[in-house]
Chemist: 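One structure is given below, represented as structure tokens, and several questions about it will come after.
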Number of protein chains: 2
Amino acid sequence: MPLYQQLHDDLATKIKEQVWRPGQLMPSETELKNLYQVAIGTVRKAIEALIAEGLVERSHGKGTFVRKPRFDNSLFRFFRFESADGQRRVPSSRIVQRQVLPATAYIANALQLKTGAPVIELLRLRSVDQQPMLAENIYLCAQRFAPLMTLATDEFGDLLYPLYERSCGQIIASANEVLTVEAITDAQAKLLQLPRHTSVVVIERLALGSDGKPLEWRQSRGAASKFRYSAEIR
Amino acid sequence: MPLYQQLHDDLATKIKEQVWRPGQLMPSETELKNLYQVAIGTVRKAIEALIAEGLVERSHGKGTFVRKPRFDNSLFRFFRFESADGQRRVPSSRIVQRQVLPATAYIANALQLKTGAPVIELLRLRSVDQQPMLAENIYLCAQRFAPLMTLATDEFGDLLYPLYERSCGQIIASANEVLTVEAITDAQAKLLQLPRHTSVVVIERLALGSDGKPLEWRQSRGAASKFRYSAEIR
DNA sequence: TAGTGGTCTAGACCACATG
DNA sequence: ATGTGGTCTAGACCACTAT
């Protein structure tokens, strides 16, 4: 494995372990060069990779800083429902149910766990102006996200990804979503206060860490008639 | 402007002007170094930028190659309907209607034209295995896309973006899509061979050139039950 | 064996930010 | 004035590909 790669991995680990805290200055090129006994070009290459991943920022004359995740951005990055006028609102969130159960084959596959491995299931209802908008089934590896089982569910707050980071040290970096439309089940109809047989949009999301490993799998359901989803293709 | 940037721009221009053709080998690092009288590191940095943009590919021991635009890729980039098993198929395409008409305020706004400016409207039906899947309304600036009005519609082929490039020199580089669900109109129900009042997914797409200028606006409609859309969020 | 890209080194000089 | 990152140089050595 190339030197700059090893160096990069080492730095990335230190950032994840918060040896250097978000927003803080990390060692300069020359310091790192001396610390690791490598050429300055090698240090630069390792840091350039960190920049590409969004882990650090450099500022000429100042230094290299560990980036703090901007959740006002990522909230909108991941929450892609729009109201009819194209505005995006932060819905309030309520955890309806929380339990640990053995992973089904499908979920285990998505999260790259063994079938039957313990996963946390969260049922969550998200509302805008007291109107239920989305019902979500969320699955997480029970080991990685163990702190979520002890914390009171009414302290989870309206956004889960900041919570994952705060209480479990897990950072969501990207996601894949698949959208389909189906008829609602009776249980969900009740939860969402919709008539039976309404058609709902299902968003299946696999959320990944910065290393590309799957961290969370969720299904979100909401009334199709109120649905609006936007995407950029590059 | 930094040297490596200038070099990069020069190389990028030569690629776009097809001085080196797609698929062909371009000069090696040492050749470029001598040609431009710069250090080899500078050449490398310029080429790394070309790689990041997807303009070239390098292969160890072989050399640096100009990438040929893969329309089999970009087709899938933009046509995101998937069959139930996750496979993606190339639908066949038929132009049902073609006319020039004055732009409505909405379309003019989307395409950044004046209201009433002439636009080409295409109605297009896309089928998989003779089954109609998608009905599309497509709008293009009549000036830019004038050649499309003289060409026979049965020679358009199954994909429009390669056609835009071949016959009008217009290249689609990115797009924004907005998805909604609505009830089908009677005319569309007939075209898509669906029962009345079926719910359909509507995909509104604004396709942009590499300069970010809007080139095409389209609405695609297909039965919600057969719908599957996947997106990557970064 | 010759040519290519991939890695790594060691340093010079500049532009920017701060005290 | 000092320290930082940004640019640029000049070359060594290695691993891969082709002949």
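Given the structure is predicted, the values throughout are model-derived calculations rather than measurements. In what follows, chains carry the letters A, B, and so on, assigned in the order in which the sequence lines appear, proteins first and then strands, with residues in each chain numbered from 1. No hydrogens, no waters, no symmetry mates; every other heavy atom, side chains included, goes into these values.
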Chemist: Given that A:G61 and A:R44 both sit by DNA chain D, which one's nearest nucleotide is further toward the 5' end?
Modeler: A:G61
Chemist: Please give me the minimum heavy-atom distance between B:P91 and B:V128, naming the atom from each residue.
Modeler: CB-CG2, 3.8 Å
Chemist: For the side chain of A:Y4, counting heavy atoms from C-beta on, which of C:dT7, C:dT9, C:dT18 is nearest?
Modeler: C:dT7
Chemist: Please state whether the phosphate of D:dT9, meaning OP1 or OP2, lies under 4.0 angstrom from any side-chain nitrogen or oxygen of B:T42.
Modeler: yes
Chemist: A:L3 CG to D:dC14 P: how many Å, rounded?
Modeler: 15 Å
Chemist: Could you tell me the separation between the NZ atom of A:K33 and the C1' atom of D:dG5, rounded to a whole number of Å?
Modeler: 15 Å
Chemist: Test your reading of the model: is there a side-chain donor-acceptor pair from A:N109 to the backbone of A:A105, 3.5 Å cut-off?
Modeler: no
Chemist: Can you tell me how far C1' of D:dG5 sits from CD of A:E31, to the nearest Å?
Modeler: 13 Å
Chemist: Nearest heavy-atom pair of A:D158 and A:R126: which atoms, and what distance?
Modeler: O-NH2, 3.8 Å
Chemist: Which nucleotide, C:dG6, D:dG11, D:dG6, lies nearest any side-chain atom of B:I40?
Modeler: D:dG11
Chemist: Quick one: B:E48 CD to C:dG5 C1', roughly how many Å, whole number?
Modeler: 11 Å
Chemist: Just how far, in rounded Å, is P of C:dT4 from CE of B:M26?
Modeler: 13 Å
Chemist: Between C1' on D:dG6 and NZ on A:K62, what's the gap in Å once rounded to a whole number?
Modeler: 16 Å
Chemist: Pick the closest DNA chain C nucleotide for B:I51 and for A:G41 by heavy atoms, then say which residue is nearer the 5' end.
Modeler: B:I51
Chemist: Both B:T64 and A:S59 contact DNA chain C. Taking the nearest nucleotide for each, which residue is further toward the 5' end?
Modeler: B:T64
Chemist: Rounding to an integer number of Å, can you tell me how far A:L32 CG sits from C:dT9 P?
Modeler: 14 Å
Chemist: Ignoring hydrogens, what is the shortest heavy-atom contact between B:L111 and B:W217? Give both atom names and the distance.
Modeler: CD2-N, 3.7 Å
Chemist: Between A:V201 and B:L179, is a side-chain contact (heavy atoms from CB on, under 4.5 Å) present by the stated rule, with each step listed?
Modeler: CA-CA 11 Å; A:V201 171; B:L179 280 70; over 6 Å; no
Chemist: Under 3.5 Å, is there any donor-acceptor pair linking the side chain of B:H60 to the base of D:dA15?
Modeler: yes
Chemist: So which nucleotide from C:dG6, C:dT9, C:dA15 ends up closest to the side chain of B:R58?
Modeler: C:dG6
Chemist: Quick one: which of D:dC8, C:dC8, D:dT9 gets closest to the side chain of B:P2?
Modeler: D:dC8
Chemist: Measuring from the side chain of B:S28 (C-beta onward, heavy atoms only), which nucleotide among D:dT9, C:dT4, D:dA18 has the closest atom?
Modeler: C:dT4
Chemist: Compare side-chain N and O positions of A:K45 against OP1 and OP2 of C:dT7 and report whether any pair is under 4.0 Å apart.
Modeler: yes
Chemist: Once you round it to whole Å, what is the distance between P of D:dC8 and CD1 of B:I47?
Modeler: 15 Å
